[in-house]
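Computed from a predicted structure; not experimentally measured.
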Amino acid sequence: QVQVVESGGGLVQAGGSLRLSCAASGGIFSISAMGWWRAAPGKQRELVATITSGRIPIYANSVKGRFTISRDTVKNTVSLRMNNLSPEDTAVYYCAVDQTVRYWGRGTQVTVSS
């Protein structure tokens, strides 16, 4: 019912920046929150950042001060600005959209070289 598509992944050098974007479309009537999760190979998916409809952001401790999440409730998009990237940030990043249930994107690869 809700389609979720991420974009903006790629290869960056350590210390660099990258901006991820996510767009939700389809049967949208009331999105309560949008956010980003990530999973390294062989690792469990972990929360990176979320933002509610009230624009309240929540960040994982590992990214606080480096990442910034923003949301456009009119366009139904969410972005993640990632600064001072480290190789430990290398993962597939997934966008999540909460509307009654959680919808997931297919993910976008972020690779940080040292």
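The pair Arg38-Glu46 counts as a salt bridge, with a side-chain nitrogen and a carboxylate oxygen less than 4.0 angstrom apart.
Shown here is Gln13, whose CD atom has no more than 12 heavy atoms of other residues, nucleotides or ligands within 6.0 Å.
Counting all heavy atoms, side chain and backbone alike, Asn61 lies closest to Lys64 at ND2-NZ, 3.0 Å. The shortest heavy-atom contact between Ala24 and Met34 is CB-CE, 4.2 Å. Across every non-hydrogen atom of Ser79 and Ser21, the tightest pair is OG-OG, 3.8 Å. Looking at every heavy atom in both residues, Trp36 comes nearest to Ile69 through CD1-CD1, 4.0 Å. Across all non-hydrogen atoms, the minimal contact from Ala14 to Ser114 is CB-CA, 4.4 Å.
In this structure, the side chain of Thr90 engages the main chain of Val112 through a donor-acceptor pair within 3.5 Å. Panel note: side chain Thr50, backbone Gly35; no donor-acceptor pair is recorded below 3.5 Å. Side-chain N or O atoms of Arg71 include one that pairs as donor or acceptor with a backbone N or O of Thr52 at under 3.5 Å.
Here the OG-CD distance, from Ser53 to Gln99, works out to 11.5 Å after rounding to the nearest 0.5 Å. Distance CD1/Ile51 to CD1/Ile56: 8.0 Å, rounded to 0.5 Å. The CG atom of Leu18 sits 8.0 Å away from the OG1 atom of Thr108 when rounded to the nearest 0.5 Å. If you take CG on Asn76 and CD1 on Ile31, they are separated by 4.5 Å, rounding to the nearest 0.5 Å. With rounding to the nearest 0.5 Å, the separation of CG in Asn83 from CG in Asp89 is 10.5 Å.
Annotation for Val92: hydrophobic cluster partners, listed by chain and number, are Trp37, Leu47, Tyr94, Trp104 (ILVMFWY side-chain heavy atoms under 4.5 Å, direct or chained).
Between the side chains of Ser17 and Arg19, no donor N or O sits under 3.5 Å from an acceptor N or O.
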Exercise. Yes or no on side chain to side chain contact (heavy atoms under 4.5 Å, CB included) for Met82 and Val12, after CA distance, side-chain angles and deciding distance?
Worked result: CA-CA 11 Å; Met82 305 183 292; Val12 297; over 6 Å; no
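Side chains of Tyr59 and Arg66 form no contact here, defined as non-hydrogen atoms less than 4.5 Å apart. Between Leu20 and Glu6, every side-chain heavy-atom pair lies at or beyond the 4.5 Å cut-off. By the 4.5 Å heavy-atom criterion applied to side chains, Val4 and Cys22 are counted as neighbours. Residues Leu11 and Ser113 form a side-chain contact, since some pair of their non-hydrogen atoms from C-beta on lies under 4.5 Å apart.
Taking hydrophobic clusters as Ile, Leu, Val, Met, Phe, Trp and Tyr residues chained together by side-chain heavy-atom distances below 4.5 Å, Phe29 does not share a cluster with Val78. The hydrophobic cluster containing Val2 also contains Val101, counting ILVMFWY residues as joined when their side-chain heavy atoms lie under 4.5 angstrom apart, directly or transitively.
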